[in-house]
Structures are given as C-alpha cells and as structure tokens.
Asks: 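Handing you this structure, nothing more for now.
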Amino acid sequence: MSAQALLAEATQQQAVQQDSGGKQAAPSFLSAPSSLQLLFFGGKGGTGKTTSSAATALRLVQAMPDRQVLIMSTDPAHSLGDSLDQSVGPKIVRVRGVPNLSAVEVDPPSLLATFKRRYGKHLKQMARGTVFSNQADIRDFLAFRLPGMEDLMIFAAVAEYLQRGIPHDPLPSTRCDLVVIDTAPTGHTLRLLTMPEKYARWVTLFKRSFNKYHRTSAGLQGLGLFNIPGQERGGRGVPQFLSKLIKHMEFVGKLLTDPARCEFVMVTIPEEMGVAETVRLARALDRQGIAAGNVIVNRVRRADPDCPFCRSQAEGQTPYLKQIQEQFAPRRILQVPLSPEEIRGQEALVRYGQVLAGENDSVQPMPPQPAGPNRVSVSGSIAPPSELAVEAGKRFLIFAGKGGVGKTSVSASTALRLARRYPEKRVLVVSTDPAHSLGDSLDLEIGDSLTAVPGRDNLTALELDAAALYEKFRAEYVENINAAFEAWESHEIGVMNLDRIKFDRGTLLEYVKSYPPGVEEVLVMERLFDFTEADRFDLYVLDPAPTGHMLKLLAFPELIKDWLRVTYRAILKYQQRRPVEHLATLAERMVRSTNAVKTMHAALTDPAQTELVAVTIAEAMGKLEMQRMLETVTAAGIPVARIVCNFLAPATDCAFCAAKRCQQLACVDEIADFASSIGCVVTAVRQFPQEVRGPDALDRMGAELYGGGAADAPPCPTHAGHHHERAWQRPVLEAHPPRKPPPRRFRHGLSDAPREEVLLEEENR
C-alpha cells in the first residue's frame, strides 16, 4: 500500500474513532489544533526525534489538507532527508507526493547568504556608519564572524516563514501555518530555546550604538559637513532594519511560551541514561514556560517467552518504563514498540504515526524469516578484536558519532581499558557534551570536578560544566569592567564624558549577558588546555557532544578572539588616555583564551597527538550520518583509527532477532566498504542483554572492542540445546585486511619525536 493510501486510511480511521468515541483521543500535537504554529521534537540523541517529527508532519498534513506545514531540521548532523528517503538540503523542497508539506535541513551559512541578499542595502549603510561608532562592533556583526549568528539566523528564518511564508524558488512563496522542528540533542536544544530573548537584547545593543552615533552626527549633517550613513532619502534606515530583527526575536520568544501556539514533544527510550536526560529536559522546559505535555517512549521491547534475549531486554526495560510513568505524570506517555526493521520512508513513517495515534500496535509487520541460518558473509575491512595501542606522542582519543549509538559507553570502556593496560600513564576521561551521561555510564557521581574512578588508581573522570565555566568567566568580566570604568569616571576624562562613559559601561555589561553560543565550548577548550599545560594527564579520552557539535568544537581557533575583541576595542579609547590595571587583566585573559584555543585546536587536529574513533549503528540513517561526519573529519586531516559498529543483534532462532540481524549485517557490509576507502577498519560489537552500565559491564564491552577472550563475556542466552558457535562473539564477521593501504594521514606509526620537539615544531609553525 502506498504512503498516500495509508495516510488516507489513517484519516478515515481517526474520523470513525471520533464519531464512535470508542478510543482515547489522539495526543494534543496530533489533534491538529488550528492555533498551533510551532512544534518541537527533542531529547537525547538516538531516541527517534527525527522519526517522530517526520511521522507527525506526514500525519498532520493529511488531517489538515488546507494548511501548509514545514518540517525543519536544526541538528547540525541532519538525518531528515534520510528519514523521508528523499533528497532534503538547505533549500526548501516539497515532500514527494505530499503537496502541503515542505522540508528543509537548515544550513546556517545559506541562511546568512539569503539574509545578506535581502538586506544588503541596510547592511552597507550600517557598515559605513561603523567608522563613527565605538560601541558594540557592528562590523563583526555584518561579517557574521561573531559566534551564535547561526542560531540567530535559524530563529529569524522561523519568524520569516510564519509571517511571510515559505519560499519555493523559483515558485512564489506559499503561506506557512505550522513549523515542525527536529532539534539537535538535548543540551544544545535547551541553549537554542534561550536564544530569542538573548538575541533580542544583542541586536538592541547594535541599535543603541547606531542611534547614539546618529544623534551625534545629526547636528554635523545639519551643518552640511557630511551625510549620515543609513539615512539616505527613500530608505527605511538602519534603525528600522534593526527594529525588524528585534521584532523577529520577540515574536519567536512570545510564541515559545504560548501553549496554544507552541508545543514541545519529548522523545526518549526506556534506558537509564535516556530517562535521566529527559527528566532534565522536562525540568528545563517547565522553567522556561514551554508546554511539553507528551512524552514519546521509543524502542519498547515486547517479552517473547521463546527468546531469552528478547525476554531479558524487556525485563531490563520494565523499571525504566515504570519510572517514566512516575516521573512524567500527568504528561501523556506514548509507547512505541521496537521495530524489526529500520523506520525509513513515508510508508514506514505513516505506520509509526498510526502507533502514536493509538490506531495500530505495530510499527512494521514482521518480515519473512530468512531461510537457513541467519549468517551473512561480510566483506570489507572487518577487524577482529585487537588491543588498543597508544603510539609515541599520542595524547587524545576522540569518540564521535550521532546520539544514541553508545558513544559514551564505548569511550568509558576504552578509558577503563587504557588505564589497565598502561598503569604508568595518567588517564582522564572527560565529557564535553552539555547533556552529560558519562557518570551514568560509569555508575559514578562525577560532576564538574576531577573524580577518581574506583578500582583504577590512574583513571580520573570529569564532566565539564560549560555553563558553570561561563558564569565564572562572566563574573571576572563584570568585575574588571566595573573597576575600569569606576577609575575612568573618577578621572578627568570622566568629567567631560560622563554620559558617554555611563552609556559605554552599560552597553558592555549588557553585552556579556548576551553572550552567544560557542563561547561555552571555547571555555571547555581552555579548561583542557589548563590540564595539558600543567601536565596533569598523559592520555585524554574525549566524549564530546553528538556529531555536528563535536565538529564545531574542533573549529574554534578564532572564536574567543573575535568575541572578546569587541569588548577590548570598545574601551581601548579610554585605556589609551588612562591605562588601568583591570583592563590589562581583561586583555591578558583575552590573549590567554585565544592561545589556549589555538593550541588545543592544533593538538586535536594533529595526527601525532590525536586519533578519532567513529561510533555508529548498523542502520542506513546511522551509516549515512557517520559517512558525512568522516568525510568532514578526513578533509580536516584528523586521523581516524577505526569505526565501531555497535548494538549488533544476536544470532538466535528468534524471528525478530533474525530479521534485525540480517538487516544489520547487510549494513555492516556497506560500512566496511566505506572504511576500506578511507583506510581504517571496523569493529562490530554485540548488543548486550541489559544496559551497559558500571565498570564490570564496561569491561565486558572493552573485551569485545579490544579482545580478552570469551571468559570476559557473559554466556549467550539462547535456547537450551542449541549451539550458535558463541553467537555473542562474531563468527560471521570475517577479518579482512583493508583493500588498499591506508593513506599516510591514517598511519599508526606516528612520530617518535620527543614531545618537546613536537611542541617546538608546532610553535615555530
């Protein structure tokens, strides 16, 4: 049956149910309220946010044929097009076969280019005006170099779409009644939701600065000395342009807290880390006043009495399902069963929407069980477990991947393994993800302080709290600014310029309140730099934020300099007339931060010091995102050690497990081909019967990753009397060498030069 036929059938079923009153009403976000304009889907990475948002959008457009809907992905690591099984990119496109549904994977640089084209005249007027302005650095704003401009563009675009319509080049724009947003994982989503108010203040700074210049120069224009940039006859003027930006942010800010027009749907899975992160998300949304009355619980296992593995998985989920009911009451809980096949394409998404609406209890029909043993011969560069060796000069090991692929578990198990293998080395495992789960994985209370891991004397863990780092930075900034301006106000330069000094002081203090995203990541890099400078540790195992934001973390060498330069330039005129110690302290901090970020960026992109391990799952969407990530990583010259393919289903006689395993192994084969093309190998890791949590379970995962024998792994819970050649191991994954020699940048024989020589060479460069 086609997706369109399924949509029509679902709509008819919904009408019958409403007439009969026999079933529970659809959840609020599926009841198609005419007032709804903004619908978010968010949660921990890998919980099914994209699937949930795409399925909901398809269902809503069928229920509302007279309304135009846009589904937008704001995750830097997009998978919306993969989910819809069609090409979706930075330009808005129609979803195939659905005339009132459009889709876009937001690309902030493209939004910036459109913004510049649309408002080019006003931007030029502002640029000419900056030569007279010593306030907030408008020239950096116009160049879009300041961090956080990407988020500003996202919300400006949302406001434009809802107020002016959806552009479909070369066709005319169509109205937009509802925007469905598939967000980035939790930590960055929460920060994104605070942006409208923050940017309204930020743009207000530019407006205040330009207006002050305008008032000062108006008298000079009256004397005929020059024309005022931004005030040419017939133009709307720069102040009006800035007012429009402010109104966009205020519009979205009010929209977010209006429960009739905006709703946030939380998506989770019945696992400890998924539930813990969703609880934090719910509390944050409640604090911000954003309506979030529904929770989707994905991947719920059904207990099959004939399959020990399925039964064990279901039993492991039971306490978390109970916890979800308790923690999120009185919100509505929507359970979606685990599908034997990947949910991809419109037909599968429509069935998923039926489950959300309570019209169906199965996402996918059970595929035919494969004939014969469920074994697939996998080619490519599949590697047997091999010990992780740390070459001379190697200091950083980065684990990267999309959310929900087990990245934290793999990095934690690796840190435990390294600490055991190299007892003479001091190992630090550190999470830089805003939504930390490292402590949950190690079953240890960590937080933002160095914490010794029990049983590993040489292993320390840390969850860097970027928000706390920023608060400390902000306090130092405010203290130095206030002290400097107090000195200037009491000096003779303050007698003649008191009003101007007070204005500048207020502007700069407001500026730090409006700090853009990206600064927090810079402060994280600075903290790591402190450890390396003090030679606190020998090896660093990094568990960063999911894919897109991890890549941004590696691209910040100029960020802190650009941001702090605005402050320094704005007050340099006073420092030149009367130097003060407090400003010198601020300048020293700027230099230190800049050097720290540059040093860390150089180290994390240096093959002699850093290796990256990609973690993925054997599904098409996970594979495609992993490939895009590694293409970017390899282009940047970052060496890739291996690809870990996680959560491989066991080889049992269970029809469900067999169907899932066969689909996964076909995907592993494709991943192995890709691995060979970039000169690295793949290690496949089984799915454990229970959640991998705590040192013992992590050690068993380490044995799968790096060897250690079957004694380190639990027995396979298969049917009594059946033998599967240790199905928990990987008898079907034949080891093959790479099909071509690894490129030089991926070699494992790294530089044997002493560390001092490497650092000296980098400094000279």
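Nothing here was measured: the structure is a model prediction, and the numbers come from that model.
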Asks: Which atom pair, heavy atoms only, marks the closest approach of Phe399 to Lys407?
Replies: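 Distance-wise, the nearest heavy atoms are O-CD, 3.1 Å.
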Asks: I'd like to know if the side chain of Ser677 and the backbone of Phe674 have a donor-acceptor N/O pair within less than 3.5 Å.
Replies: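 Side chain of Ser677 to backbone of Phe674: a pair is present.
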Asks: Should Lys623 and Glu670 count as an ion pair when the cut-off is N to O under 4.0 Å?
Replies: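 A salt bridge links Lys623 with Glu670.
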Asks: Do you know the tightest heavy-atom contact between Ala260 and Ser35?
Replies: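 Ala260 and Ser35 have their closest heavy atoms at O-OG, 2.6 Å.
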Asks: Between the main-chain N or O of Ala292 and the side-chain N or O of Arg331, is there a donor-acceptor pair closer than 3.5 Å?
Replies: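 Side chain of Arg331 to backbone of Ala292: a pair is present.
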Asks: Quick one, Cys262 with Phe40, criterion side chain to side chain contact (heavy atoms under 4.5 Å, CB included). Give me CA distance, side-chain angles, the key distance, then yes/no.
Replies: CA-CA 8 Å; Cys262 175; Phe40 289 93; 3.9 Å; yes
Asks: How many angstroms lie between OG1 in Thr278 and CZ in Phe328, if you round to the nearest 0.5 Å?
Replies: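 Here the rounded value is 5.0 Å.
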Asks: Find the distance between CG (Asn100) and CZ (Arg94) and round it off to the nearest 0.5 Å.
Replies: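 Reported to 0.5 Å precision, the distance equals 8.5 Å.
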Asks: Please answer whether the main-chain N or O of Ser52 pairs with a side-chain N or O of Thr56 as donor and acceptor at a distance below 3.5 Å.
Replies: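 Pair found, side chain donor or acceptor close to backbone of Ser52.
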Asks: Using modelled atom types only, decide if a donor and an acceptor are shared between the side chain of Glu342 and the backbone of Ala620 within a distance under 3.5 Å.
Replies: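 Indeed, once roles are kept as given, a pair shorter than 3.5 Å links the two residues.
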Asks: Between Gln313 and Gln687, is there a side-chain donor-acceptor contact under 3.5 Å, judged purely by atom types and distance?
Replies: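 Yes, Gln313 and Gln687 have a side-chain donor paired with an acceptor closer than 3.5 Å.
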Asks: Going by side chain to side chain donor-acceptor pair (under 3.5 Å), Ser73 matches just one of Lys49, His78, Glu105. Which one?
Replies: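 Option passing the side chain to side chain donor-acceptor pair (under 3.5 Å) with Ser73: His78.
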Asks: Can you tell me how far the OG1 atom of Thr616 sits from the CD1 atom of Ile671, to the nearest 0.5 Å?
Replies: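 The OG1 atom of Thr616 sits 5.0 Å away from the CD1 atom of Ile671.
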Asks: Aromatic rings Phe41 and Phe29: how do their planes relate, parallel, tilted or perpendicular, breaks at 30° and 60°?
Replies: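 Perpendicular: the ring planes of Phe41 and Phe29 meet at over 60°.
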Asks: Just verifying a value: how many Å separate Leu162 CG and Leu38 CG, rounded to the nearest 0.5 Å?
Replies: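 Nearest 0.5 Å value for the CG-CG distance: 6.5 Å.
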Asks: Between the side chains of Arg302 and Asp304, is the shortest nitrogen-to-carboxylate-oxygen separation below 4.0 Å, so that they form an ion pair?
Replies: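 No salt bridge links Asp304 with Arg302.
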Asks: Kindly compute the distance separating CD (Gln346) from CZ (Arg96), expressed to the nearest 0.5 Å.
Replies: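 It comes to 6.5 Å.
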Asks: Would you give the length of the straight line joining atom CG of Asn646 to atom CD1 of Ile617, rounded to the nearest 0.5 angstrom?
Replies: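 If I round to the nearest 0.5 Å, the distance is 8.5 Å.
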Asks: Could you go through the side chain to side chain contact (heavy atoms under 4.5 Å, CB included) check for Ile166 and Arg175 one step at a time?
Replies: CA-CA 6 Å; Ile166 308 171; Arg175 77 178 192 280; over 6 Å; no
Asks: So does Glu347 pair up with Arg351, basic N to acidic O under 4.0 Å?
Replies: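 Looking at Glu347 and Arg351, the cut-off is met.
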Asks: Taking all non-hydrogen atoms of both residues into account, name the closest pair between Val275 and Ile269 and its distance.
Replies: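 What the structure gives for the nearest pair is CG2-O, 3.8 Å.
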Asks: Write down the atom of Leu36, the atom of Arg261, and the distance for their closest heavy-atom approach.
Replies: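 Looks like CD1-O, 3.6 Å.
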Asks: What heavy-atom pair brings Pro270 and Tyr320 nearest, and what distance separates the two atoms?
Replies: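 For Pro270 versus Tyr320, the nearest heavy atoms are O-CD1, 3.4 Å.
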Asks: I'd like to know if Arg628 and Asp82 make a salt bridge, using a cut-off of under 4.0 Å between side-chain N and carboxylate O.
Replies: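 Salt bridge flag = yes for Asp82 with Arg628.
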Asks: Measure from NZ or CZ of Arg686 to the centre of the six-membered ring of Phe688, then state whether that distance is under 6.0 Å and the direction lies within 45° of the axis.
Replies: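 Because its charged atom sits under 6.0 Å from the ring centre and within 45° of the axis, Arg686 does stack over Phe688.
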